[in-house]
Peer 1: 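Please read through the structure below; I'll follow up with questions.
Both backbone and side-chain heavy atoms feed into the values below; hydrogens, waters and symmetry mates do not.
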Amino acid sequence: MDSLICPACLPREISLRLERHEGKGDEVEEGALRCGLCRRVYVIREGIGVLLPADGSDDGDDPYTRPRTISAYLWSHFADLWEDPDAGEAYPRWARLLNQASGSALDVGCAVGRMTLELAASGAPALGLDRSLPFIRLARRLARTGRLTFGLTLEGQLVEERHIRLPERLRGVRAEFLVADALALPFARGAFARVASLNLLDKVAAPRRHLAELDRVAAARQATLLIADPYSWSPAYSPPEQWLGGTAGGTYAGRGGDNLRRILGRECTPGWQVIAEDTVPWVIRNHARHFELIRSHCLFAER
């Protein structure tokens, strides 16, 4: 609560006040958060805060809310836990980088929550956010119960029942989840020591603003940042003039990795020092005979 701000008032950082609420102990199950400046009210339902700068959430016809997409993401995040031979190891690899450091963590674009749980397994609190309310509901349920049953797509309308059971190291960790926008993070400047953005940069409407928001909420000193992205720039998500690579002209002409290093090192204050880079395969399973292999450029930086 101390670090929550109104995303609609950015770049001004206006604290939110918890108003009517119900819950047990420190848990707020139902309630409202009000901005003291613009008077906007953000609801908390079933323990989940919805802190979007505009009304609503991606709970309608957005492809990331469809059962088949949810099946694909649950598989990509957790299939290694039941030793699926096709599963990847991206999330444990990414987590090992950020878990070299300590302190509170933020996982931006967390989807169904694997990276958030891995970050919380280090012992410090971790918070995951995503625009998709169905994703966040599943992530929070897994964090609270340690298990989840879902329908894994076989083909067409055929599904088979699958069970996710978290290993002991991911159970009972200090992980929380909320619905929020990667372009308007509802947190005060410097709120987190560890920040992650995984396969999200090329999917937001304003990639440069996303980087500015990651930089804003990261601590000015003793902070670490992990960005992974395949740089699949597409006008379906943002116009070419907004891309941070993939064009022959403009401010960010050239390759995404080169521009990302330049932005972090020269356009952020304090600047970031790149410590490690790698290519990390990430696999999406659409159905039993259709997989997508994404080779994400992974950049790990500190300041």
Side-chain angles (χ1 to χ4, degrees), residues 62-99 107-119 121 126 128 130-132 134-136 138-139 142-143 147-167 169-170 175 177 182 196-204 226-234 236-237 245-246 256-257 260 276-300:
D62 187 273
Y64 289 95
T65 70
R66 297 170 189 166
R68 190 162 176 164
T69 305
I70 289 173
S71 166
Y73 272 77
L74 285 170
W75 183 91
S76 73
H77 280 234
F78 297 104
D80 62 303
L81 298 183
W82 66 76
E83 298 181 353
D84 189 308
D86 295 312
E89 297 182 348
Y91 292 98
R93 286 182 62 179
W94 285 327
R96 280 194 291 270
L97 287 171
L98 274 181
N99 285 346
D107 179 15
V108 183
C110 68
V112 290
R114 175 63 181 275
M115 185 65 174
T116 310
L117 294 171
E118 293 283 354
L119 293 174
D130 202 282
R131 283 192 63 95
S132 169
F135 276 176
I136 292 299
L138 292 170
L142 262 172
R147 60 182 60 199
L148 181 72
T149 299
F150 73 102
L152 181 66
T153 303
L154 293 177
E155 60 180 271
Q157 298 177 348
L158 299 178
V159 299
E160 67 176 0
E161 191 174 86
R162 281 287 181 176
H163 306 279
I164 300 172
R165 291 183 175 84
L166 297 182
R169 66 182 181 81
L170 298 181
F177 298 89
S197 170
L198 306 178
N199 295 333
L200 182 63
L201 186 65
D202 58 8
K203 298 295 187 291
V204 297
L226 178 66
I227 300 175
D229 205 77
Y231 309 126
S232 299
W233 311 112
S234 169
Y237 297 104
L260 187 55
E277 294 185 61
D278 201 357
T279 297
V280 178
W282 184 60
V283 184
I284 281 281
R285 179 192 185 278
N286 295 308
H287 61 76
R289 297 187 181 276
H290 185 197
F291 294 77
E292 297 178 51
L293 174 62
I294 300 165
R295 293 171 55 82
S296 297
H297 172 230
C298 176
L299 185 151
F300 178 63

Peer 1: I need the minimum non-hydrogen distance between Phe177 and Ala175, along with the two atoms involved.
Peer 2: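 Looking at all heavy atoms of both residues, the shortest contact is CE1-CB, 4.2 Å.
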Peer 1: Suppose the criterion is salt bridge (charged side-chain N to carboxylate O under 4.0 Å, His left out): which pairs have a residue in residues 81-92, not counting sequence neighbours?
Peer 2: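 Every candidate salt bridge (charged side-chain N to carboxylate O under 4.0 Å, His left out) pair involving residues 81-92 fails, so no pair, neighbours aside, qualifies.
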Peer 1: List the atom of Gly128, the atom of Ile136, and the distance in Å for their closest heavy-atom pair.
Peer 2: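 So the two residues come closest at O-CD1, 4.3 Å.
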Peer 1: Under the side-chain contact (heavy atoms from CB on, under 4.5 Å) rule, collect the residues that match up with Ala126, sequence neighbours excluded.
Peer 2: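 side-chain contact (heavy atoms from CB on, under 4.5 Å) check on Ala126 returns Ala105, Thr116, Leu119, Ala120.
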Peer 1: Going by the rule side-chain contact (heavy atoms from CB on, under 4.5 Å), which residues pair with Ala95 if we only count those two or more places apart in sequence or in a different chain?
Peer 2: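 Testing Ala95 for side-chain contact (heavy atoms from CB on, under 4.5 Å), a comparison that skips the adjacent residues, returns Asn99, Met115, Glu118.
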Peer 1: What closest approach, in Å, do Gly88 and Asp80 show between heavy atoms, and which atom pair accounts for it?
Peer 2: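 Closest approach of Gly88 to Asp80, heavy atoms only: O-CB, 3.8 Å.
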Peer 1: With Arg285, which residues qualify under salt bridge (Lys or Arg N to Asp or Glu O under 4.0 Å), at least two apart?
Peer 2: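 Counting only residues at least two positions away or on another chain, Arg285 forms no salt bridge (Lys or Arg N to Asp or Glu O under 4.0 Å).
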Peer 1: With sequence neighbours left out, what residues match Arg93 under side-chain contact (heavy atoms from CB on, under 4.5 Å)?
Peer 2: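 Counting only residues at least two positions away or on another chain, Arg93 forms a side-chain contact (heavy atoms from CB on, under 4.5 Å) with Arg96, Asp278, Val280, Pro281.
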Peer 1: Ignoring hydrogens and geometry, is there a side-chain-to-backbone donor-acceptor pair from Ser197 to Leu200 under 3.5 Å?
Peer 2: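 Judged by distance alone, no pair lies under 3.5 Å.
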Peer 1: Run the side-chain contact (heavy atoms from CB on, under 4.5 Å) test against Leu138 and tell me which residues pass, sequence neighbours left out.
Peer 2: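 Checked Leu138 against side-chain contact (heavy atoms from CB on, under 4.5 Å); matches are Ile70, Leu74, Val112, Arg141, Leu148.
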Peer 1: Mind checking what makes side-chain hydrogen bond (donor to acceptor under 3.5 Å, both in side chains) contact with Thr149, not counting sequence neighbours?
Peer 2: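 By the side-chain hydrogen bond (donor to acceptor under 3.5 Å, both in side chains) rule, Thr149 matches His163.
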Peer 1: Just to verify, what does Asp202 make a salt bridge (Lys or Arg N to Asp or Glu O under 4.0 Å) with, not counting sequence neighbours?
Peer 2: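 Asp202: no salt bridge (Lys or Arg N to Asp or Glu O under 4.0 Å) contacts found.
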Peer 1: For Glu277, give me all partners under salt bridge (Lys or Arg N to Asp or Glu O under 4.0 Å), at least two apart in sequence or on another chain.
Peer 2: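 Salt bridge (Lys or Arg N to Asp or Glu O under 4.0 Å) check on Glu277 returns Arg261.
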Peer 1: Who pairs with Arg147 by salt bridge (Lys or Arg N to Asp or Glu O under 4.0 Å), at least two apart in sequence or on another chain?
Peer 2: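 Arg147 satisfies salt bridge (Lys or Arg N to Asp or Glu O under 4.0 Å) with no other residue.
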Peer 1: Does Asp229 pair with Arg295 as a salt bridge, N-O distance under 4.0 Å?
Peer 2: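 Salt bridge: no.
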Peer 1: Which pairs count as salt bridge (charged side-chain N to carboxylate O under 4.0 Å, His left out) when at least one residue sits in residues 151-160, sequence neighbours excluded?
Peer 2: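 Passing the test, one end in residues 151-160: Glu160-Arg162.
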Peer 1: Give a yes or no on whether the backbone of Thr153 and the side-chain of His287 come within a donor-acceptor separation of less than 3.5 Å.
Peer 2: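 It does not hold such a pair.
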Peer 1: With sequence neighbours left out, what residues match Trp282 under side-chain hydrogen bond (donor to acceptor under 3.5 Å, both in side chains)?
Peer 2: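 Result, side-chain hydrogen bond (donor to acceptor under 3.5 Å, both in side chains) vs Trp282: Tyr91.
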